[in-house]
Structure formats: C-alpha cells, structure tokens
Number of protein chains: 2
Amino acid sequence: MKEKELRRSMAVFPIGTVMKLTDLTARQIRYYEAQGLIQPQRNEGNRRMYSLNDIDVLLDIKDYLAEGINMAGIKHIYDMKQREKQKKQADLKRPVTDADVRRIFHDELLQQGRLQNEQHDAAPLFHKHKPL
Amino acid sequence: MKEKELRRSMAVFPIGTVMKLTDLTARQIRYYEAQGLIQPQRNEGNRRMYSLNDIDVLLDIKDYLAEGINMAGIKHIYDMKQREKQKKQADLKRPVTDADVRRIFHDELLQQGRLQNEQHDAAPLFHKHKPL
DNA sequence: TTGCTGATGTTAGGTCTTATGACATTGCAT
DNA sequence: ATGCAATGTCATAAGACCTAACATCAGCAA
C-alpha cells in the first residue's frame with residue numbers, strides 16, 4: 001500500500017489538466033490553495049503541479065460547496081481529518097499510556113466545546129442552500 | 001476492468017511530466033511518436049497530452065532499446081502485440097471456423113518467414129549491446 | 001436600504017513550456 | 001569512408017501559467 005500512496009501524492013498534473021478533471025476554474029483552484037486546503041508542489045519554473053490526492057480534495061470541495069458548506073466549514077472538516085490522521089499515526093507508533101488517555105479525553109472535551117460554540121467563531125458553518 | 005482501462009487511456013500528462021516520469025528527452029518522445037509507437041492526443045492548444053498507457057509504452061521502449069533492439073524491432077514487437085489483441089477480440093466475438101484456422105496458420109507461417117528474413121528488411125532486428 | 005464580505009470573474013504584463021523544422025553529432029554497419 | 005538511425009541543439013512562434021489588481025454579485029448585518 002505504501003507505493004500506491006506515493007503514486008497518489010506525486011505532483012504530476014499542471015493546472016490545466018486539473019481544471020478539466022475537476023471542472024473548476026484556475027481561479028477557484030488557486031483560491032482553495034490560498035485557503036490552505038491544498039498545497040500543490042511547484043516545478044522548476046514555478047508552476048503548480050498537482051497530485052491525485054490534490055484532485056480528490058478539490059472534488060470533495062466541490063461537493064461540499066454544492067451542499068452549501070462554505071470555506072470555513074470545509075476548512076474545519078479538513079482540520080478534523082488532519083487530526084484523525086495524526087491520531088491514527090501516533091496510535092500505531094507506541095502503546096497508549098494513562099497520560100495519553102487523559103490527553104485524548106481532554107482533547108475530545110475541548111473539541112465538543114468548540115463545535116457547540118461554532119456560531120461565535122469567525123464564520124458560520126453553514127450557508128445558503130439546503131438549510132437544515 | 002472497463003473503467004480502469006479508460007483511466008489508463010485518458011490523455012492527462014503534458015510532455016514535461018512524461019519526461020520526468022520516463023527520464024526521456026522531449027526529442028526522444030516525439031521521435032518515438034514519429035515512428036508510430038505512440039499516438040498522444042493533442043489539446044486545444046496543439047500540445048501533446050499523454051496517457052498512462054503511453055507512458056507504459058515509452059518505458060517499454062526504453063527497456064527494449066537498452067536491450068539492443070532498434071526501432072524497427074520495437075515496431076515489429078508492437079505490431080505483433082496489436083495483432084494479438086485484435087485476434088483475442090475477434091475470438092471473443094465469434095466461434096472459430098475452419099477458415100479461421102487456415103488463416104491463422106497462414107498468418108503464422110508468414111510471420112515466421114518475416115522473422116527469419118529480418119536482416120534483408122530495411123533495418124536489422126538487433127543492435128549494439130548484449131549480442132546474443 | 002446601505003455597506004461589507006466571501007467566492008469568483010476578468011484583465012494585464014511577464015515568464016515558462018511546448019511545437020516545429022532545420023542542422024549537427026555520434027555510432028554502427030557496409 | 002559513407003550512409004543511416006537515434007538523438008542533441010537551436011531559433012522562432014504560440015500556448016499555458018503566474019501574480020496582482022480590480023470587478024462582480026449574492027447574502028448578510030446594521
């Protein structure tokens with residue numbers, strides 16, 4: 001599985017190809033990058049080069065936007081995914097100590113607090129269409 | 001399997017990416033195209049766009065050349081592959097008749113004749129390194 | 001309504017990449 | 001030595017992409 005991941009993270013597509021594969025404009029793709037949702041590589045000539053993973057993220061963003069979730073919400077979702085990934089990595093690398101258990105509990109409580117108070121943050125989580 | 005084939009034949013890579021993935025020069029890649037070994041698509045701006053299949057072929061060409069086989073030999077190999085593929089397709093579509101058997105025999109005999117007389121053709125089959 | 005903000009469109013000027021065609025080079029094979 | 005196969009190199013033109021700035025337009029707040 002390691003080689004597959006590597007292939008999926010190889011930066012091989014210029015923005016023109018990504019535009020066709022995702023049906024997004026260059027403006028949108030660069031904007032999502034500016035929002036920190038993707039981090040394409042650059043080639044020697046300073047041109048953005050995207051991986052299959054990048055394309056997956058862009059397609060997900062499209063879906064989320066279509067569902068009415070705004071950038072702030074999408075960023076939140078990716079922050080969560082990031083945290084989950086890190087947690088899994090850590091879990092694989094060393095046994096869980098009592099201190100870990102306390103920390104995890106603490107983190108989770110913090111997380112719940114954040115979610116409940118979302119509307120007080122910089123931007124609302126939901127937007128436009130499909131009101132809940 | 002149909003979708004996978006489709007993906008492998010999608011023209012998504014510009015020549016710069018292909019150069020890196022295959023470690024061939026643009027000159028070489030275009031030359032192999034001129035020899036009919038690959039048929040990359042063109043985008044609206046007339047730029048060559050390559051598929052994963054194209055890249056496979058290019059990597060194979062590299063190997064064949066490293067083995068000392070020249071263009072003529074490589075073309076021959078790809079002609080054979082082409083014929084095999086067509087034969088398989090045909091076999092799947094209809095039962096084999098006596099006429100088919102005769103034709104196949106005939107073709108194979110012709111093929112053998114060509115191989116034996118290769119040195120009388122335009123170019124020799126083998127080349128440089130690794131003499132047999 | 002008025003004004004602000006988020007997401008995207010559009011444009012301009014500059015740089016990088018690719019296309020084509022020609023000529024040069026290198027190594028075999030005759 | 002000659003010829004051909006495979007590749008290098010160069011010039012010119014055109015296409016793709018970059019950054020930065022300003023424009024638009026819908027939704028929301030005051």
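All chains are named by letter (A, B, ...) in the order of the sequence lines, taking the proteins before the strands, and each is independently numbered beginning at 1.
A:K20 meets the salt bridge (Lys or Arg N to Asp or Glu O under 4.0 Å) test with B:E44; sequence neighbours excluded. Not counting sequence neighbours, A:R47 has no partner by the salt bridge (Lys or Arg N to Asp or Glu O under 4.0 Å) test. Residues passing the side-chain contact (heavy atoms from CB on, under 4.5 Å) test with B:V12 are A:F13, A:T17, A:L21, B:M10, sequence neighbours excluded. B:E5 meets the salt bridge (Lys or Arg N to Asp or Glu O under 4.0 Å) test with no other residue; sequence neighbours excluded. Shown here are the side-chain contact (heavy atoms from CB on, under 4.5 Å) partners of B:S9, two or more places apart in sequence or in another chain: B:N53. Not counting sequence neighbours, B:R27 has no partner by the salt bridge (Lys or Arg N to Asp or Glu O under 4.0 Å) test. Remark: A:E3 pairs with A:R7 by the side chain to side chain donor-acceptor pair (under 3.5 Å) rule, at least two apart or across chains. In this structure A:D63 satisfies the side chain to side chain donor-acceptor pair (under 3.5 Å) test with no other residue, sequence neighbours excluded.
Within residues 10-20 of chain A, the residues that have a heavy atom under 4.0 Å from DNA chain D are, in order of number, A:P14, A:I15, A:G16.
In this structure, B:R30 reaches the bases: a heavy-atom distance under 4.0 Å links it to at least one base atom across the strands shown.
In this structure, CD of B:E33 is placed 14 Å from P of C:dT18, rounded to the nearest angstrom. For the pair A:Y50 OH and D:dA16 C1', the computed distance is 13 Å after rounding to whole Å. As a whole-Å value, the separation of A:R42 CZ from C:dT17 C1' is 16 Å. Regarding B:I61, its CD1 atom lies at a distance of 11 Å from the P atom of D:dA6, rounded to whole Å.
Within the structure, the ring pair (Phe, Tyr, Trp, His ring centres under 6.0 Å) test picks out no pair touching residues 26-64 of chain B (sequence neighbours left out).
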> Where along nucleotides 7-13 of chain D does protein come under 4.0 Å, by heavy atom, of base (B) or sugar-phosphate alone (S), with - for untouched nucleotides?
Replying inline: BBB----
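Remark: B:K75 is not positioned above the aromatic ring of B:Y78, lacking an NZ or CZ atom under 6.0 angstrom from the ring centre and at most 45 degrees off the axis.
At the phosphate of D:dC17, neither OP1 nor OP2 sits under 4.0 Å from any side-chain N or O atom of A:R48.
Rounding to the nearest 0.5 Å places CD1 of B:I61 at 10.0 Å from CD of B:Q28.
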Report all interatomic pairs (protein N or O, nucleotide N or O of nucleotides 12-16 of chain C) with separations under 3.5 Å.
unit_1	atom_1	unit_2	atom_2	d
C:dC16	O2	A:R47	NH2	2.7

